[in-house]
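Below, chains carry the letters A, B, ... as their sequence lines are ordered, and counting in each starts from 1. Treat the numbers as computed from the prediction; the structure is a model and nothing was measured.
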Amino acid sequence: DQQVKQNSPSLSVQEGRISILNCDYTNSMFDYFLWYKKYPAEGPTFLISISSIKDKNEDGRFTVFLNKSAKHLSLHIVPSQPGDSAVYFCAASEGANSKLTFGKGITLSVRP
Amino acid sequence: GAVVSQHPSWVICKSGTSVKIECRSLDFQATTMFWYRQFPKQSLMLMATSNEGSKATYEQGVEKDKFLINHASLTLSTLTVTSAHPEDSSFYICSARQGGVYNSPLHFGNGTRLTVT
């Protein structure tokens with residue numbers, strides 16, 4: 001049973017435009033959410049996180065939005081750059097120090 | 001920032017042999033490390049939680065006698081794949097969280113590509 005879902009396997013956007021990556025979860029006990037970026041044959045790199053007490057967290061070009069009622073979060077990257085091309089994983093946990101449950105990832109391609 | 005080092009980055013072994021993978025937190029202490037596994041185009045699946053000085057906690061469906069985990073110090077955890085078979089071929093990734101830092105995210109090593117022939 002997939003508790004964290006990234007239903008779109010891929011996304012392609014033009015350089016300079018906004019990339020919106022979506023994630024849904026089913027476990028209502030999740031209260032801490034993270035986004036990771038991953039290149040092939042490398043480990044994931046932490047991008048940004050959000051606690052369930054917030055609905056938005058921003059860090060430079062990256063903003064994560066959380067809609068608890070819809071059990072949905074999204075990662076916005078603006079402006080998108082070719083170097084952002086990678087696989088992005090959404091992850092969630094029950095508490096900030098607990099194990100993470102990952103989605104299947106979405107492959108973002110940013111076209112020059 | 002927090003750095004997690006994993007070694008080796010890739011390994012090829014023959015069926016029936018054992019392989020040890022090391023995971024080190026380089027600039028912080030980690031009382032807990034996590035071992036993940038990723039198959040091609042799939043999600044990262046948690047295998048086990050490695051606790052310093054105590055037994056690891058394995059996820060459902062993961063054979064503890066096959067995947068031996070040792071967390072002997074605050075900076076080192078090892079995963080040994082015993083009697084490896086081709087179906088164990090996968091990408092293994094460890095991660096650790098910096099202790100004492102509020103809401104510290106998990107930091108991942110660069111993974112180990114295991115190929116069993």
Contact origin within A/Leu100 toward chain B - heavy atom pairs under 4.5 Å: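 For A/Leu100, heavy atoms of backbone and side chain both lie under 4.5 Å from chain B.
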Report whether [X] and [Y] are members of the same hydrophobic cluster (ILVMFWY, side-chain heavy atoms less than 4.5 Å apart, transitive linking).
X: A/Tyr32; Y: A/Leu66; value: no
X: A/Leu108; Y: A/Trp35; value: yes
X: B/Tyr92; Y: B/Val19; value: yes
X: A/Leu75; Y: A/Ile20; value: no
X: A/Val87; Y: A/Val64; value: no

For A/His72, all residues meeting ring-ring contact (aromatic ring centres under 6.0 Å, His included), sequence neighbours excluded: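 So A/His72 forms no ring-ring contact (aromatic ring centres under 6.0 Å, His included) with any residue.
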Looking at [X], I'd like to know if its [atom1] atom is crowded, meaning that more than 12 non-hydrogen atoms belonging to other residues, nucleotides or ligands lie closer than 6.0 Å.
X: A/Lys68; atom1: NZ; answer: yes
X: A/Arg61; atom1: CZ; answer: yes
X: B/His7; atom1: NE2; answer: no

Proximity breakdown for B/Leu46 and chain A, heavy-atom pairs closer than 4.5 Å: side chain
B/Arg97 side chain to A/Ser98 backbone, donor-acceptor under 3.5 Å: yes
Quick one: side-chain contact (heavy atoms from CB on, under 4.5 Å) partners of A/Thr45, sequence neighbours excluded?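 Applying side-chain contact (heavy atoms from CB on, under 4.5 Å) to A/Thr45 gives none.
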What pair of heavy atoms forms the shortest contact from [X] to [Y], and how long is it?
X: A/Gly103; Y: B/Ser43; result: O-OG, 2.6 Å
X: A/Leu34; Y: B/Pro105; result: CD2-CB, 3.7 Å
X: A/Gly43; Y: B/Ile93; result: CA-CG2, 4.3 Å

Matching residue for B/Phe108 among A/Phe89, A/Tyr36, A/Phe46, A/Tyr39 - test: ring-ring contact (aromatic ring centres under 6.0 Å, His included): A/Tyr36
Working to the nearest 0.5 Å, report the span between NZ of A/Lys38 and CG of B/Asn110. 9.0 Å
Rounded to the nearest 0.5 Å, what separation is found between the NZ atom of A/Lys99 and the OG1 atom of B/Thr57?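 Those atoms lie 8.5 Å apart.
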Within residues 58-82 of chain B, contacts to chain A at heavy-atom distances under 4.5 Å involve B/Glu59
Applying a criterion of heavy atom separation less than 4.5 Å, what residues of residues 29-38 of chain B form contacts with chain A? B/Phe34, B/Tyr36, B/Gln38
